[in-house]
Amino acid sequence: MDIWEANRMAAAFTTHPCAVEGPFACSGVDCGDGAKGERYLGVCDKDGCDMNDYRMGAQSYYGVGAEFEVDTTKPVKVVTQFLTTDGTDAGDLAE
């Protein structure tokens, strides 16, 4: 999961689903090494599926200047939460 890939001009959130459940330490072909021509042979989707505001139609949402809802010339506070069904750190993810 790329929670936030960003610079002052653009931002994206990208999921990289995998064909395994739970934590997994890959080795060999399972890692999908692009330099070895194995990029698409690994257990996870290397390209992923991203969400970019501009490409999704919100051209004035994120960028440099006061005309954007998120003006990247100003400080930006990012909060990441993983909400669980029981409100604890060890609970099952709710979303």
Notebook entry, point to check: Counting only N and O atoms by type, is there a donor-acceptor contact under 3.5 Å from the side chain of T85 to the main-chain atoms of A94?
Noted result: no
Next item on the list: Grab the two heavy atoms, one from T72 and one from Y62, that are nearest each other, plus how far apart they are.
Entry: CG2-CZ, 3.5 Å
Item checked: CG on L41 to CG on D33, rounded to 0.5 Å -> 10.5 Å
Note to self: A quick test of your reading: do over 12 heavy atoms of other residues, nucleotides or ligands sit less than 6.0 Å from OH of Y61?
What the structure shows: no
Check: Atom CG of D50 and atom OG1 of T15: how far apart are they, to the nearest 0.5 Å?
Finding: 8.5 Å
Notebook entry, point to check: Which heavy atom of T88 sits nearest a heavy atom of T84, and at what distance?
Noted result: O-OG1, 2.7 Å
Margin query: Using a 6.0 Å cut-off, check whether atom OH of Y54 has over 12 heavy atoms from anything other than its own residue.
Written below: no
Check: In terms of hydrophobic clusters joined by side-chain contacts under 4.5 Å, are W4 and V70 together?
Finding: yes
Checklist line | ILVMFWY cluster, V76 and F68 together (side-chain gap under 4.5 Å) | finding: no
Notebook entry, point to check: If you measure only the distance, is there a donor-acceptor pair under 3.5 Å linking the side chains of Y40 and D47?
Noted result: yes
Check: Counting N and O atoms only, with roles assigned by atom type, does the side chain of N52 sit under 3.5 Å from a partner on the main chain of A11, one being a donor and the other an acceptor?
Finding: yes
Checklist line | Between CD1 on residue I3 and CZ on residue F13, distance to nearest 0.5 Å | finding: 10.0 Å
Checklist line | Minimum heavy-atom distance F82-L93, with the two atoms named | finding: CB-CD2, 3.9 Å
Next item on the list: Look only at the side chain of H16 and the backbone of M1, and say whether a donor-acceptor pair between them is shorter than 3.5 Å.
Entry: no
Margin query: Could you measure the distance from the CD atom of E38 to the CG atom of D30? Nearest 0.5 Å is fine.
Written below: 9.5 Å
Notebook entry, point to check: Any chance the SGs on C44 and C18 are under 2.5 Å from each other?
Noted result: yes
Checklist line | Over 12 non-hydrogen atoms of neighbours within 6.0 angstrom of CZ in R39 | finding: yes
Checklist line | CG/N7: more than 12 non-hydrogen atoms of other groups inside 6.0 Å | finding: yes
